[in-house]
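A quick note: this is a predicted structure, and the numbers were derived from the prediction, not measured.
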Amino acid sequence: MAATMNFFRAQDEARGRTTKLVVLLVLAVLVLTGSLYAIAVYAKAYGMDGGELDWFQPKLFFATSGTALVVILGTSWVRVSELAQGGAFVAQSLGGRPVSPHTKDLAERRYLNIVEEMSLAAGLPKPACYVVDHDSTINAFAAGNDPQDAAVAVTRGALTHLTRDELQGVIAHEFSHIGNGDMKLNLRIIGTIAGLTALSQLGYILMRLMRHARGKDSAKVGVPLVMAGLVIFLLGLGGVLFARIIQASVSRQREFLADASAVQFTRNPDGLAGALKKIAGLKVGQREASTTELESQHLFFSSTGGFMEFIFSSHPPIGERIRRLQPSFDGVIPDVDPVGVSDDPVAGLSGRQSAAAIPPPVRPARAHRIPTNLEIQEAVGFQGTLPMELRASAADPIGAMAIVLGLILRQNPELRAQQLVTARGLAGGEVIAEALRLSPLLQALPAGSRVPLLDLSMPALRQLSKAQLALFRLAIQKVGFDANDGLIVLLVQASMRRYLEDVARSGPPPLVGLSVSYALVLSAVVRTSRETAQAQQEAFALGVAELARPDLAATILPESEVDLQKVDEALAVIAAQSVFERRRFVRACGVAMLHDDVAEPAEIEILRAVADSLGITFATGLRVA
């Protein structure tokens with residue numbers, strides 16, 4: 001990829017700068033609330049105490065800084081709670097219309113196919129898809145709390161003016177926001193700004209109270225009230241302006257990071273660069289933004305224009321973004337015309353090479369060298385195809401439930417019949433009927449295809465009501481698993497429990513037993529390979545070395561000790577750990593898998609399923625060393 005960006009280095013640089021900016025935002029809030037206390041101490045000293053400063057006044061501290069923190073944190077919590085209703089809520093509030101999986105619109109079908117491709121390439125659950133019909137500009141956004149309830153939306157202008165490669169670059173950019181955790185970061189920053197705005201509004205209210213002061217002592221009461229309100233108003237206003245500057249800076253860094261990650265997914269920087277050029281060349285793209293869009297400016301692929309875009313730009317200059325993708329860019333912007341859209345076949349079923357089907361570059365032979373995160377990410381990329389019938393079923397709630405059920409059913413006909421009895425209440429028996437119909441296709445799936453198929457089923461499962469989800473969870477629990485089912489069935493169940501969980505996980509348990517859990521799961525993963533016992537031992541030892549735990553033995557557990565019930569309990573222990581611990585364990589499994597430079601399909605599927613059950617995505621989940 002000559003003369004193009006080093007996107008993995010760009011990811012690391014943008015992450016580092018973003019962390020510094022977020023810390024700066026937190027410090028700004030602390031300085032603001034501390035300033036209130038300092039001003040109150042000075043005012044009290046020179047107004048009441050004859051100039052004697054006393055910095056230790058707990059009651060005054062709680063009355064000033066304490067009140068300010070309560071206002072900021074309380075308002076932030078309320079605002080975040082409003083936005084935390086999910087990606088679908090945000091998409092609809094911005095004018096999005098859900099796209100039917102059975103749409104006849106050729107441009108929308110192409111859009112859905114690209115989203116599926118990106119889901120497979122990024123190893124992320126397929127988000128809900130929306131179109132903003134009234135917007136003729138070229139734009140897109142992603143929203144949601146996490147990948148499980150994410151939504152992506154594109155404008156009608158994007159569908160009309162972008163080629164397939166350009167639209168793929170834009171969608172990959174939005175998937176990068178999902179994988180990089182930008183959506184949750186955006187919620188926190190919006191909440192902080194809402195809290196600071198409420199503080200300035202509190203100051204304004206205090207100043208207006210002067211109008212209601214009556215009597216001969218009104219001046220004694222009103223003047224201090226006005227002065228206090230003015231100070232709070234100015235500090236709050238200054239905090240809002242400073243926070244918006246930080247918000248814009250954070251957003252600009254995350255845009256660079258998303259551009260870098262998009263190239264990682266598509267291996268085609270020209271597609272994303274072409275979309276940016278068309279945004280620059282489309283005159284209608286400079287329309288006036290609505291109030292709602294200005295508040296959500298940072299969510300979009302490009303700035304929507306307006307006063308705030310000029311003063312507090314949430315996006316880097318388009319020219320700079322293009323040059324990072326194409327260093328040879330000469331600044332010439334081509335004319336923008338609508339593009340024709342032909343019938344877009346499903347990726348992987350035609351001669352078109354999708355992003356998910358692009359083979360990873362051949363890695364040079366190495367002698368016992370530990371693989372890099374890049375090599376692990378490249379190795380686990382989905383390169384297969386999924387039958388059209390399964391894709392169509394994955395778009396329907398009943399079909400999605402049938403796929404999940406079909407993937408965990410046992411091979412023995414008698415045992416499978418017993419399992420089906422436990423799930424007969426789902427959708428009046430329709431789910432069982434669909435699972436039986438799809439059973440031959442599911443059983444014929446090659447290794448490595450089951451986890452991507454689950455990811456494509458997520459939007460349909462999110463359409464289930466709370467009662468339906470509860471019944472589905474109960475059915476999965478009753479179906480259970482057996483030692484003869486294999487590790488992949490256990491991991492599928494663990495992934496579905498995480499997707500369908502309706503309560504927050506409690507705090508992490510004590511670290512007692514963590515090493516035992518690591519040993520159990522890592523042994524189970526390594527033993528899925530068809531290698532010799534000696535090769536499996538070498539792979540296990542490399543994985544243990546990555547974990548760097550003195551109490552973890554480097555000897556693989558005997559096959560007789562790798563009990564699936566214990567492995568399930570061990571997964572629960574690991575899943576309760578911090579993101580750092582979970583990421584490190586997934587990397588250890590990847591190192592073990594690639595100890596011989598060969599990633600077998602069964603190994604890839606197990607590794608992706610382990611990562612999926614632990615909430616770690618290979619899209620951006622492993623940081624590049």
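- Summarising the geometry, atom CD belonging to Glu255 is positioned 4.0 Å from atom NE2 belonging to His173; distances are rounded to the nearest 0.5 Å.
- In this structure, Thr155 contributes its side chain and Asn139 its backbone to a donor-acceptor pair below 3.5 Å.
- The closest donor-acceptor contact from the side chain of Ser613 to the backbone of Val610 lies under 3.5 Å.
- Separating the OG atom in Ser393 from the CG atom in Leu453 is a distance of 9.0 Å, to the nearest 0.5 Å.
- For Glu174 (side chain) and Ala142 (main-chain N/O), a donor-acceptor pair under 3.5 Å exists by modelled atom type.
- Nearest heavy atom pair, residue Ala273 against residue Gln326, reads CB-CD, 3.6 Å.
- Electrostatic pairing of Glu434 and Arg437 counts as a salt bridge here, judged by a charged N lying under 4.0 Å from a carboxylate O.
- Using a cutoff of 4.0 Å between basic side-chain nitrogens and carboxylate oxygens, Asp133 and Arg156 are scored as salt-bridged.
- In this structure, CD1 in Ile318 is found 6.5 Å from CD1 in Ile322, a value given to the nearest 0.5 Å.
- When all heavy atoms are compared, the tightest approach of Ser93 to Val90 is OG-O, 2.6 Å.
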Problem - Check against side chain to side chain contact (heavy atoms under 4.5 Å, CB included), Leu272 and Asp259 - result: CA-CA 8 Å; Leu272 183 59; Asp259 286 347; 3.6 Å; yes
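- What you find for Ala435 and Ala402 is that their closest heavy atoms are N-CB, 3.5 Å.
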Handout entry: Criterion side chain to side chain contact (heavy atoms under 4.5 Å, CB included) on Arg582 and Val586, from CA distance to verdict
Key = CA-CA 6 Å; Arg582 285 180 279 142; Val586 171; 5.6 Å; no
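- Applying the side-chain contact (heavy atoms from CB on, under 4.5 Å) test between Arg450 and each of Leu445, Leu491, Asp455 identifies Leu445 as the sole match.
- Between Ala91 and Ala151 the shortest heavy-atom distance is CB-CB, 4.4 Å.
- Between Val131 and Val154 the shortest side-chain heavy-atom distance falls below 4.5 Å.
- Across all non-hydrogen atoms, the minimal contact from Pro269 to Leu325 is CB-O, 3.9 Å.
- A distance of 11.0 Å separates CD1 in Ile171 from CZ in Arg164, rounded to the nearest 0.5 Å.
- Rounded to the nearest 0.5 angstrom, Arg109 CZ and Ser100 OG are separated by 11.5 Å.
- Residues Val132 and Phe141 form a side-chain contact, since some pair of their non-hydrogen atoms from C-beta on lies under 4.5 Å apart.
- A donor-acceptor contact shorter than 3.5 Å links the side chain of Ser176 to the backbone of Ala172.
- Checked against Ser449 for a side-chain contact (heavy atoms from CB on, under 4.5 Å), the options Leu454, Leu442, Leu386 give a single hit: Leu386.
- Here the closest non-hydrogen pair linking Met401 and Leu464 is SD-CD1, 3.8 Å.
- Put simply, the side chain of Tyr111 does not reach to within 4.5 Å of the side chain of Thr103, judged on heavy atoms.
- The CD atom of Gln463 lies 11.0 Å from the CD1 atom of Ile398; values are rounded to the nearest 0.5 Å.
- Annotation: side chain of Asp396 is not in contact with side chain of Pro101 (no heavy-atom distance under 4.5 Å).
- Taking the side chain as every heavy atom from C-beta outward, Val431 and Phe472 never approach each other to under 4.5 Å.
- Side-chain contact between Arg608 and Pro452 is present, with at least one heavy-atom pair separated by less than 4.5 Å.
- Between the side chain of Lys278 and the backbone N or O of Ile138, no donor-acceptor pair lies under 3.5 Å.
- Ile403 is listed as a side-chain neighbour of Leu438, based on a closest heavy-atom distance under 4.5 Å.
- Between Leu456 and Leu390 the shortest side-chain heavy-atom distance does not fall below 4.5 Å.
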